[in-house]
*Asks:* 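Sharing a structure here in structure tokens format.
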Amino acid sequence: MIAKNLDSDKQLFISTHSEHFLKGLIENSGERLTVVRIERSGDTNSLSILESTDLKAIWHDSLLKHSNILDGLFHSKVVLCESDSDARFFSAVTDVLVEYKGLPAPDIHFIHCGGKAKFPIVIKAFKKINVPLTVIGDFDLFNNQKPLRDMFEAMGGNWQEVKTDFEKVKSDIDSQRPELNSDDFKKAVIEALKTITEDVVSDGKLSEIKDLVKKASAWTKAKMVGKEMLRSGPPIQSYINLNKALLEKHIVVLEFGELESLDKRHSLHGPAWTSKVLELDVLNDSELERARYFVLKNILNQTIATSLRGEKAKEAS
């Protein structure tokens, strides 16, 4: 009603913490809406502005439109992940560690953008209104210059300073022989297709073909093992240089590959993996120690001197 009934020659200033109210204004106010984020530090208010054109970039994407991304405007920090599973997992581990270590409850909003291709759109919007942002992506971000270049530049980096190191990292993995060469891959796929006799392709057969596709790329293995895929010498040094530059801009590429690499006891992926792992004792399970370290260092920004299990041992003694 406010958006539709306000005369075109009038302005209305509204203060809100409601994502739903903001979405209603975006839906109905067209070109007229400007978002001003006010952040107070002591006695000083700092203002940052998100124009209607920036809002449209999010609103015209159906996936982002129906997500909770805009709720990040009302938080002190946003952690942006590739998938909902990643966001759920890191949020849960953060809550456990905050409670255990007695830290002040952090005002962190965990969101996802439905895949790495959408990272630049969301980053640009949040950077314009100075929302502190940490971006977490899988190791295969190194597989293509886009979207990593757009992400790095949106976070204030100069791609030319890291381009050579990126190319060395990508080239090293590209050059490693996959499990199947092209001829073997073609033969295996043809043989798999020959065995399809039903009108509807079974899930098992689809899974078999998908596995063949994965074996035809060295990047499939790289996504599972992360930096361990890189050969020693110049490739590792380039990775170190590149990773340092990314971390300085708060872009965290999972060095262990992907989220599921944190616990390989379960042959699951995505939401099923996250649900299974979060049934465990997240604070004490030995296999999840890497996950606890990761959250402490990259999300809670805590200095890590000893493992949590080490801390508990000291407390006990």
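Fair warning: this is a prediction, and the values are worked out from it, not measured in the lab.
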*Asks:* Check this for me, if you would: do E161 and K163 make a salt bridge, where the nitrogen-to-carboxylate-oxygen distance has to be below 4.0 angstrom?
*Replies:*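 No.
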*Asks:* So do the side chains of T34 and I49 get within less than 4.5 Å of each other, counting heavy atoms only?
*Replies:*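 In contact.
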*Asks:* Taking atom CD as the centre, does E167 end up with more than 12 heavy-atom neighbours from other residues, nucleotides or ligands that are less than 6.0 angstrom away?
*Replies:*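 Count over threshold, so yes.
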*Asks:* Are side-chain heavy atoms of I123 and L133 found at a separation under 4.5 Å?
*Replies:*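 Yes. Closest side-chain heavy atoms under 4.5 Å.
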*Asks:* If you measure from the Lys or Arg side-chain nitrogens to the Asp or Glu carboxylate oxygens, is any gap between D7 and K10 under 4.0 Å?
*Replies:*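 Judged by the 4.0 Å cut-off on N to carboxylate O distance, D7 and K10 do form a salt bridge.
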*Asks:* Tell me, do V98 and P106 make a side-chain contact under 4.5 Å, heavy atoms counted?
*Replies:*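 A side-chain contact under 4.5 Å exists here.
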*Asks:* Please determine whether the number of non-hydrogen atoms from other residues, nucleotides or ligands lying under 6.0 Å from atom CD of Q11 exceeds 12.
*Replies:*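 Count not over threshold, so no.
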*Asks:* Verify, without hydrogens or angle tests, whether H112 (side chain) and G114 (backbone) share a donor-acceptor contact under 3.5 angstrom.
*Replies:*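 Here the side-chain-to-backbone pair exists.
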*Asks:* Quick one: do R292 and E289 make a salt bridge, cutoff under 4.0 Å?
*Replies:*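 Looking at R292 and E289, the cut-off is met.
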*Asks:* Kindly say whether E39 contributes a backbone atom to a donor-acceptor pair with the side chain of S46 at under 3.5 angstrom?
*Replies:*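 Yes: the side chain of S46 pairs with the backbone of E39.
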*Asks:* Does the side chain of R231 come under 3.5 Å of the side chain of S175 through a donor N or O and an acceptor N or O?
*Replies:*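 Side-chain D/A pair, R231 to S175: present.
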*Asks:* Return the minimal non-hydrogen interatomic distance between P271 and S85, and the atom names on each side.
*Replies:*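 Nearest pair, atom of P271 first, then S85: N-OG, 2.9 Å.
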*Asks:* Give a yes or no on whether K128 atom NZ has more than 12 heavy-atom contacts from other residues, nucleotides or ligands under 6.0 Å away.
*Replies:*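 Not buried by this count: 12 neighbours or fewer within 6.0 Å.
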*Asks:* Would one find more than 12 heavy atoms of other residues, nucleotides or ligands at under 6.0 Å from atom CG of D9?
*Replies:*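 More than 12 within 6.0 Å, yes.
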*Asks:* Which pair of heavy atoms, one from K77 and one from N298, lies closest together, and at what distance?
*Replies:*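 Taking every non-hydrogen atom into account, NZ-O, 4.1 Å.
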*Asks:* Once the angle between the rings of H17 and F74 is folded into 0 to 90°, is it parallel (under 30°), tilted (30 to 60°) or perpendicular (over 60°)?
*Replies:*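 Judged by the thresholds at 30° and 60°, the geometry between H17 and F74 is tilted.
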*Asks:* Give the intermediate values and the outcome of side-chain contact (heavy atoms from CB on, under 4.5 Å) for residues V93 and F294.
*Replies:* CA-CA 10 Å; V93 176; F294 179 87; over 6 Å; no
*Asks:* Kindly write out the residues that satisfy ring-ring contact (aromatic ring centres under 6.0 Å, His included) with F139, not counting sequence neighbours, or none if the list is empty.
*Replies:*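 Scan of F139 (ring-ring contact (aromatic ring centres under 6.0 Å, His included), adjacent residues dropped) gives F142.
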*Asks:* Using a strict 4.0 Å threshold on nitrogen-to-oxygen distance, state whether R88 and D84 make a salt bridge.
*Replies:*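 Result for this pair is no, no salt bridge flagged.
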*Asks:* Measuring from atom SG of C81 to atom CG of D86, what distance do you get when rounded to the nearest 0.5 angstrom?
*Replies:*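 Nearest 0.5 Å value for the SG-CG distance: 5.5 Å.
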*Asks:* Is any side-chain heavy atom of N143 less than 4.5 Å from a side-chain heavy atom of K170?
*Replies:*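 Answer yes - side chains close enough.
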*Asks:* Salt bridge or not between K264 and E260? Use side-chain N to carboxylate O under 4.0 Å.
*Replies:*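 Salt bridge: no.
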*Asks:* Apply side-chain contact (heavy atoms from CB on, under 4.5 Å) to residues L288 and L283 and explain how you reach the verdict.
*Replies:* CA-CA 8 Å; L288 296 179; L283 182 62; over 6 Å; no
*Asks:* Regarding W219 and D174, is there a side-chain donor-to-acceptor distance under 3.5 Å anywhere?
*Replies:*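 W219 vs D174: donor-acceptor pair found between side chains.
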*Asks:* Which heavy atom of A218 sits nearest to which heavy atom of I173, and what is that distance?
*Replies:*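 Closest approach of A218 to I173, heavy atoms only: CB-O, 3.5 Å.
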*Asks:* Between E19 and K23, does any NZ, NE, NH1 or NH2 come within less than 4.0 Å of an OD or OE carboxylate oxygen?
*Replies:*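 Here K23 pairs with E19 in a salt bridge, since their nearest N and O are under 4.0 Å apart.
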*Asks:* Extract all donor-acceptor atom pairs below 3.5 Å that involve side chains of residues 239-251 and protein atoms in other chains or at least two apart in sequence.
*Replies:*
unit_1	atom_1	unit_2	atom_2	d
N241	OD1	Q237	NE2	3.0
N241	ND2	Q237	O	3.3

*Asks:* Quick check against the 3.5 Å criterion: does D285 have a side-chain atom that pairs as donor or acceptor with the backbone of E287?
*Replies:*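 Side chain of D285 to backbone of E287, a donor-acceptor pair under 3.5 Å: yes, one is there.
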*Asks:* Given side chains that start at C-beta, do those of H266 and V277 come closer than 4.5 Å, heavy atoms only?
*Replies:*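 Yes - at least one pair of side-chain heavy atoms lies under 4.5 Å apart.
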*Asks:* The criterion is salt bridge (Lys or Arg N to Asp or Glu O under 4.0 Å); which residues satisfy it with D140, sequence neighbours excluded?
*Replies:*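 D140: salt bridge (Lys or Arg N to Asp or Glu O under 4.0 Å) contacts with K116, K223.
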